[in-house]
Number of protein chains: 2
Amino acid sequence: MRLAILGAGDVGRSVADLASEYGHEVVAIADSSDAAVDPSGIDVERTLERKVGNEPVGTAAPEDVFETEYDVLIEATPTTLDDAEPGFTHTKRALEADRHVVLANKGPVAERYGELRALEAESAGSIRFEATVGGAIPVLSTIEDSTPQAVTTVRGVLNGTANFILTRMAAEGLDYEHVLAEAQDLGVAEADPTFDVDGTDAALKFVILANVLSDGGFSLSDATVEGIQNIPGSALDLAAEDGRTIRLIGEATRESVRVGPRLVPENGALAVTGTRNIVQIETRHAGSLASSGRGAGGPETATAVLSDVGRLPTR
Amino acid sequence: MRLAILGAGDVGRSVADLASEYGHEVVAIADSSDAAVDPSGIDVERTLERKVGNEPVGTAAPEDVFETEYDVLIEATPTTLDDAEPGFTHTKRALEADRHVVLANKGPVAERYGELRALEAESAGSIRFEATVGGAIPVLSTIEDSTPQAVTTVRGVLNGTANFILTRMAAEGLDYEHVLAEAQDLGVAEADPTFDVDGTDAALKFVILANVLSDGGFSLSDATVEGIQNIPGSALDLAAEDGRTIRLIGEATRESVRVGPRLVPENGALAVTGTRNIVQIETRHAGSLASSGRGAGGPETATAVLSDVGRLPTR
């Protein structure tokens with residue numbers, strides 16, 4: 001398939017880099033100011049070199065991407081909340097042009113799910129968004145194959161930054177501020193880590209899961225969210241004395257979405273370490289399925305995007 | 001889709017029972033002596049009652065199934081080795097009639113993989129076999145979506161009977177014979193448990209995985225296999241002193257298939273407990289994905305069969 005990639009951050013660049021390995025061609029890639037467009041396939045290597053070298057990715061304008069002949073729009077621009085723009089309108093334009101859209105951008109899927117599905121119903125194109133939940137871990141495709149009606153609850157750890165911080169606090173007996181600084185030095189936490197540590201990032205993912213289970217009805221404002229910023233090191237010490245630790249756990253059902261710190265057994269499945277993520281899917285007929293893996297990262301998230309491309313119907 | 005089910009054991013009956021929940025219709029079900037056939041859909045409830053009550057499932061002959069109008073043959077007859085008959089010929093006949101086949105029977109996929117793929121290439125029908133590996137855990141679909149070339153190794157615990165026995169031996173300090181008897185009482189081990197305890201069942205699954213990674217080339221005779229029958233309780237005690245335990249671990253790469261008892265960290269991912277299974281998929285770009293869940297059981301395996309039906313191309 002011919003891919004038009006919006007967003008040239010870690011995810012967009014990795015999708016461009018791995019596309020040919022999955023048998024696909026990149027006909028366009030754009031960041032917020034420039035675009036590289038070539039209907040016969042862009043020179044991925046040189047384009048990525050330019051981006052990484054802080055040069056314009058190409059000589060076209062981002063708007064030109066929509067005029068290109070492409071099969072799938074890859075929406076990998078930064079997640080935004082509320083109106084989820086410009087990601088929502090990017091998706092809308094592609095669907096209205098009967099093109100497929102694969103999203104890594106959580107905004108439209110968490111905040112305007114019903115509208116997306118309505119646009120999809122009117123389009124010859126389909127939307128897929130595995131990459132919005134759990135990076136490389138195949139969460140949404142597992143739910144899709146089991147059929148959403150067979151799934152009762154999805155629970156787990158879906159933010160690697162918060163998980164890393166809690167793992168380090170417990171392991172070293174250090175306090176939150178200290179470990180956050182360490183995480184930022186390592187590139188595990190952003191300069192502005194708010195959405196990771198206040199639970200918003202995890203909540204967006206569990207909102208998406210609730211939307212999948214219920215076919216819509218949820219947005220971020222429906223989630224009950226608590227972050228990890230106020231957990232003292234002493235809380236983790238106390239937990240350890242009882243064979244437990246603390247993790248930022250989210251849970252989505254058809255009725256609700258919650259994210260918050262929870263006590264979990266120290267050696268249990270939910271006590272994943274470092275930046276690893278885990279999802280537990282409770283099913284009606286097959287008990288509980290647990291999947292863990294890398295929840296974030298350019299190549300990791302790109303594999304989820306490219307898996308989705310492989311699952312699109314041929315138009 | 002209209003399903004024709006061969007095999008009325010736990011798996012075949014569960015597929016019949018759950019089919020309508022997944023939007024499919026059962027037009028035939030056969031055991032080794034009789035069949036129930038109805039092109040407008042059999043009465044599943046009454047048919048299952050007859051089978052469970054030891055009456056003939058229906059008034060037709062098993063051969064009649066192939067004369068029915070169906071879309072997908074569900075091959076759920078008992079796994080056989082070497083020539084994998086009659087499962088192989090059942091699959092061949094359906095493909096030669098341009099029908100899809102979804103297998104829960106490991107025999108044809110482990111022992112005659114190349115021949116199956118050749119028949120599939122000549123057919124308008126497709127074969128899928130998620131249910132042959134790991135029950136409810138979506139192993140093969142995960143590899144398929146990641147693309148097999150991106151997967152380097154698949155490792156894990158894929159036999160719940162052997163895992164249950166080792167778990168109980170470690171937990172209670174009991175010897176193998178004692179725990180095997182307990183497992184048989186609980187229905188976790190068969191009256192003839194040979195294939196579970198000697199590693200054959202696990203080996204068939206890892207042979208199937210190697211065939212998927214390499215597009216064929218392996219059969220059971222290529223696997224290096226050791227079972228659990230000779231593990232003394234003292235070995236588990238010794239392991240425990242070192243923070244480890246013993247599990248029957250299999251590993252498939254493009255080069256080899258091995259199954260045997262291994263020391264694993266007591267609290268590590270591979271030390272799943274009871275009858276639970278786990279698979280670790282090592283990938284080129286996304287690190288390691290681990291999926292655990294129920295590896296066996298009628299409803300569990302049926303969900304894998306029905307997931308596969310949902311992923312078939314419409315003919």
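Throughout, a chain's letter reflects where its sequence line sits, starting with A, and its residues are numbered from 1. What you are looking at is a predicted structure, and each value in this text was computed from that prediction instead of being measured.
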Point to revise | Any B/T142 side-chain heavy atom under 4.5 Å of B/L289 side chain | key: yes

Point to revise | Exceeds 12 heavy-atom contacts within 6.0 angstrom, atom CD of B/E190 | key: no

Study note, to complete from the structure: Looking only at A/Q280, A/R276, A/R284, the option with the highest number of non-hydrogen pairs under 4.5 Å against chain B is A/R276

Review point. Should we count CD of B/E266 as having more than 12 external heavy atoms under 6.0 Å?
Key: yes

Check your understanding: Between the main-chain N or O of A/T161 and the side-chain N or O of A/D196, is there a donor-acceptor pair closer than 3.5 Å?
Key -> no

Practice item. Applying salt bridge (charged side-chain N to carboxylate O under 4.0 Å, His left out), run through B/R128 and B/E144 and close with a yes or a no. Key: CA-CA 11 Å; B/R128 296 190 66 84; B/E144 181 182 16; 2.7 Å; yes

Review point. With respect to chain B, which residue among A/G310, A/S146, A/A304, A/G268 yields the maximal number of heavy-atom pairs within a distance under 4.5 Å?
Key: A/S146

Point to revise | A/I281 portion near chain B, given a 4.5 angstrom heavy-atom threshold | key: neither

Point to revise | Per-residue contact mode, A/S141 against chain B (heavy atom under 4.5 angstrom) | key: side chain

Point to revise | Whether B/T253 side chain and B/E255 backbone form a donor-acceptor pair below 3.5 Å | key: yes

Check your understanding: For chain B, which of A/S291, A/A150, A/G298 has the most heavy-atom pairs under 4.5 Å?
Key -> A/S291

Study note, to complete from the structure: Interface check, chain B: of A/A286, A/A136, A/P138, most non-hydrogen pairs under 4.5 Å belong to A/A286

Practice item. Return the option, out of B/R294, B/E21, B/Q149, B/H285, with the maximum number of heavy-atom pairs under 4.5 Å with chain A. Key: B/H285

Revision key, fill the gap. If you tally heavy-atom pairs under 4.5 Å between each of B/D145, B/L18, B/T147 and chain A, the highest tally belongs to B/D145

Point to revise | Proximal component of A/S292, with respect to chain B [non-hydrogen, under 4.5 Å] | key: both

**Study point:** Heavy-atom side-chain proximity of A/R155 to A/L270 below 4.5 angstrom
**Key:** yes

Exercise for review: Check for a donor-acceptor pair, side chain of A/E120 on one end and backbone N or O of A/I127 on the other, with a separation under 3.5 Å.
Suggested key: yes

Study note, to complete from the structure: If you tally heavy-atom pairs under 4.5 Å between each of A/S288, A/G23, A/G293, A/G297 and chain B, the highest tally belongs to A/S288

**Study point:** Residue selection (most heavy-atom pairs with chain A, distance under 4.5 Å) from B/A302, B/A290, B/G287, B/S307
**Key:** B/A290

